[in-house]
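Step one of this worksheet: look at the structure below.
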2 protein chains.
Amino acid sequence: MLTNRNSMLKKERQAFIIKEINLHNKVLSSDLSMALDVSEDTIRRDLNELAMEGRVVKVHGGALSKSYQMAAVQADTYAYEKKEVIAMKTLKLFKDGMVILTSGGTTMREIAKRLPESLQVTFFTISPLIALELAEHPKADVILLGGQLSNASKVTIGAEVVQKISEIKADICILGINGMDLDGITDSDYEIVQVKKAMIKASKQMIIPTISEKLNTALRYKVTPTADIDCLITELSPLHDTIQPYLSQVKLVL
Amino acid sequence: MLTNRNSMLKKERQAFIIKEINLHNKVLSSDLSMALDVSEDTIRRDLNELAMEGRVVKVHGGALSKSYQMAAVQADTYAYEKKEVIAMKTLKLFKDGMVILTSGGTTMREIAKRLPESLQVTFFTISPLIALELAEHPKADVILLGGQLSNASKVTIGAEVVQKISEIKADICILGINGMDLDGITDSDYEIVQVKKAMIKASKQMIIPTISEKLNTALRYKVTPTADIDCLITELSPLHDTIQPYLSQVKLVL
DNA sequence: CGCTTTTATGCTAAAATTTTCATGAATATA
DNA sequence: TATATTCATGAAAATTTTAGCATAAAAGCG
């Protein structure tokens with residue numbers, strides 16, 4: 001029989017497919033069949049296997065990258081790039097064994113998405129969305145704080161949540177915010193303020209990740225004085241003009 | 001503006017549409033047809049499908065945005081059409097003022113998505129995903145039962161959840177299941193069995209919506225005897241052969 | 001080494017899915 | 001109301017998938 005000079009091993013072929021998908025976000029069975037010089041059946045079987053392993057999303061005619069479906073959401077997240085920077089900075093503060101208390105918000109979500117696989121931490125959160133994101137992590141322990149779900153902000157609120165939080169002793173709390181100036185952190189929802197106050201009280205350290213846009217804005221209710229912040233994280237350098245006034249108020253700025 | 005690629009996959013096209021809608025809050029079938037170089041029929045079908053999934057609002061001539069933040073967790077639902085039928089049947093049991101206790105699962109999610117706008121009910125749920133879905137409803141009161149989040153099934157489990165459930169008195173509980181035969185409902189996860197038992201105990205009536213595929217299958221742990229079911233809902237007619245043996249066991253079959 | 005078993009691949013026909021087209025009905029808009 | 005769009009439907013065409021089977025290579029094993 002003729003020897004097959006170009007014959008790829010199965011794993012090799014699948015690696016190629018993955019690479020192709022990462023590059024283009026999609027592949028067509030017909031293209032791959034052509035490129036790899038195997039039947040479409042073989043490609044289909046490969047794609048099915050990869051889909052089974054959750055590495056790609058199989059669709060009629062080919063496959064899509066997993067992140068493709070999320071592209072819509074990503075594009076949707078306001079100031080996505082800035083929040084990405086903030087997320088990376090925030091993650092540096094996480095250490096093995098920590099107990100972390102978190103609120104909701106898109107910035108927090110970017111943090112959750114990027115949690116390093118190796119990290120072993122315990123999360124308490126009032127946000128079902130964050131909880132679901134964290135649940136994808138192999139080693140994170142996730143405890144969702146139950147209570148009435150706020151229609152607007154999609155986090156749990158109410159006396160029960162506050163009560164439960166008071167029973168926790170967390171190493172750090174990551175607090176998403178809506179407004180903040182040199183005086184203090186503020187919010188427009190009274191119920192949420194109550195929960196945030198409880199979160200701060202339950203934690204040794206308070207971390208505030210926020211886009212710089214929210215600095216120097218104030219809302220109706222005060223959550224806590226700016227001086228109580230242990231670490232303020234924005235997308236800007238700590239040397240940036242906007243940040244200067246906060247350097248003296250806050251213990252650490254990243 | 002809108003770029004034209006050669007031969008888009010269906011999912012890809014729909015993702016594009018979603019992105020377009022998130023961006024502009026609306027799309028016209030005619031524009032999309034032009035931009036994506038497919039017939040308006042195809043676009044219409046896409047829009048109808050997306051509307052069916054509750055991701056956009058279909059209107060004459062196009063579609064509108066529906067404030068949406070869950071595309072990421074929107075995996076493809078297995079046996080979608082069947083679950084749709086089950087959802088519609090189940091919704092008939094809901095009455096104003098009811099307190100409803102629910103587990104998770106894709107079938108339950110289809111129910112949640114289709115909850116009529118006019119209905120005023122209180123939901124207790126162990127599933128963050130269901131909670132988020134219900135939170136879109138203008139009149140539903142949603143209480144998320146907190147606890148440790150199970151990595152696999154994405155519902156809260158543990159003693160705390162069981163304890164909280166025991167304090168509830170619900171009118172009905174909607175229980176997603178994994179296995180069931182003439183003897184009883186069974187599950188493969190011990191922790192989840194404990195929670196489900198508590199849910200049954202806390203409710204006056206137990207409703208089981210399930211695709212017929214799960215009938216006559218059994219798993220490791222028993223949740224409750226089949227005879228205790230108040231209402232069994234499948235995609236099949238109660239007259240169907242598969243259902244026959246259950247008619248005598250269960251109070252009501254839809 | 002031979003022998004069996006497993007795995008990978010390709011082929012075919014039938015089934016399912018997707019898309020387009022044609023048509024009349026329904027709906028918007030001037 | 002008249003006119004133009006848009007919609008729903010079913011049939012047809014194009015494409016993709018499935019399933020069963022045959023072949024050949026690879027792996028195990030006495």
Side-chain angles (χ1 to χ4, degrees), chain A residues 1-18 20-21 24-65 68-69, chain B residues 2 4-18 20-21 24-65 75-85 88 211-213 235:
Chain A
M1 284 286 137
L2 290 179
T3 50
N4 205 341
R5 66 215 138 56
N6 250 5
S7 124
M8 268 185 161
L9 297 173
K10 197 170 121 176
K11 284 273 176 270
E12 208 177 342
R13 202 175 48 229
Q14 297 192 348
F16 177 87
I17 295 175
I18 290 286
E20 201 64 12
I21 283 195
H24 301 113
N25 278 326
K26 79 160 177 183
V27 288
L28 302 181
S29 308
S30 52
D31 284 356
L32 286 173
S33 164
M34 196 87 78
L36 297 171
D37 195 30
V38 291
S39 76
E40 290 200 28
D41 290 78
T42 301
I43 297 296
R44 240 192 310 283
R45 277 187 267 243
D46 282 340
L47 293 180
N48 280 331
E49 277 177 35
L50 292 171
M52 213 69 103
E53 295 164 20
R55 309 233 274 153
V56 306
V57 177
K58 179 86 186 68
V59 298
H60 201 99
L64 300 176
S65 97
Y68 193 86
Q69 324 174 59
Chain B
L2 309 183
N4 174 352
R5 286 177 221 166
N6 52 345
S7 137
M8 267 192 169
L9 298 167
K10 192 171 124 174
K11 267 273 153 48
E12 198 184 4
R13 201 177 48 231
Q14 296 190 348
F16 179 89
I17 295 175
I18 290 284
E20 213 41 37
I21 286 191
H24 300 115
N25 280 322
K26 76 166 180 185
V27 288
L28 301 180
S29 307
S30 52
D31 284 356
L32 286 173
S33 164
M34 193 91 73
L36 298 171
D37 195 30
V38 291
S39 75
E40 288 199 31
D41 290 274
T42 301
I43 297 295
R44 237 192 310 284
R45 207 155 348 87
D46 282 340
L47 293 180
N48 280 331
E49 279 175 32
L50 292 171
M52 214 61 119
E53 292 163 19
R55 303 177 65 181
V56 306
V57 177
K58 180 85 186 66
V59 294
H60 200 94
L64 302 176
S65 141
D76 291 303
T77 303
Y78 174 73
Y80 180 77
E81 288 78 10
K82 291 179 187 171
K83 288 175 180 170
E84 197 173 6
V85 173
M88 297 315 286
I211 52 176
S212 59
E213 204 175 304
E235 83 279 10

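Chain naming here is simple, since letters A, B, ... match the order of the sequence lines and numbering starts at 1 in each.
With rounding to whole Å, B/R13 atom CZ is found 13 Å from D/dT15 atom C1'. Going from atom CE of B/M8 over to atom P of D/dT15 covers 19 Å, rounded to whole Å. Between the CD atom of A/Q14 and the C1' atom of C/dT7 there is a distance of 13 Å, given to the nearest Å. Whole-Å rounding puts the A/M34 CE to D/dT15 C1' distance at 14 Å. Atom CD of B/E40 and atom C1' of C/dT27 are 15 Å apart (whole Å). Between A/D46 atom CG and D/dT18 atom P the separation is 14 Å, expressed in whole Å. Straight-line distance from the NE2 atom of A/H60 to the C1' atom of D/dT15: 6 Å, rounded to whole Å.
Neither side chain, B/E40 nor B/S30, offers a donor N or O lying under 3.5 Å from an acceptor on the other.
At least one side-chain heavy atom of A/T42 sits less than 4.5 Å from a side-chain heavy atom of A/R13. Looking at B/D31 and B/I43, their side chains never come closer than 4.5 Å, going by heavy atoms from C-beta outward.
Contact annotation: side chain of B/D41 to base of D/dC7, donor-acceptor pair absent below 3.5 Å.
Of the candidates C/dA8, C/dG10, D/dC7, the closest approach to any side-chain atom of B/K58 belongs to D/dC7. Set against D/dC7, D/dT15, C/dG10, the side chain of A/R45 has C/dG10 as its closest nucleotide.
OP1 or OP2 of C/dT19 has not a single side-chain nitrogen or oxygen of B/T42 nearer than 4.0 Å.
The 5' end of DNA chain D is approached more closely, in terms of each residue's nearest nucleotide, by B/N48 than by the other of B/N48 and A/R44.
A/K11 comes within 4.0 angstrom of no nucleic acid atom, judged by non-hydrogen atoms across all strands.
Remark: of the listed residues A/R44, A/K58, A/K10, A/K10 is the sole one forming a side chain to side chain donor-acceptor pair (under 3.5 Å) with A/E49.
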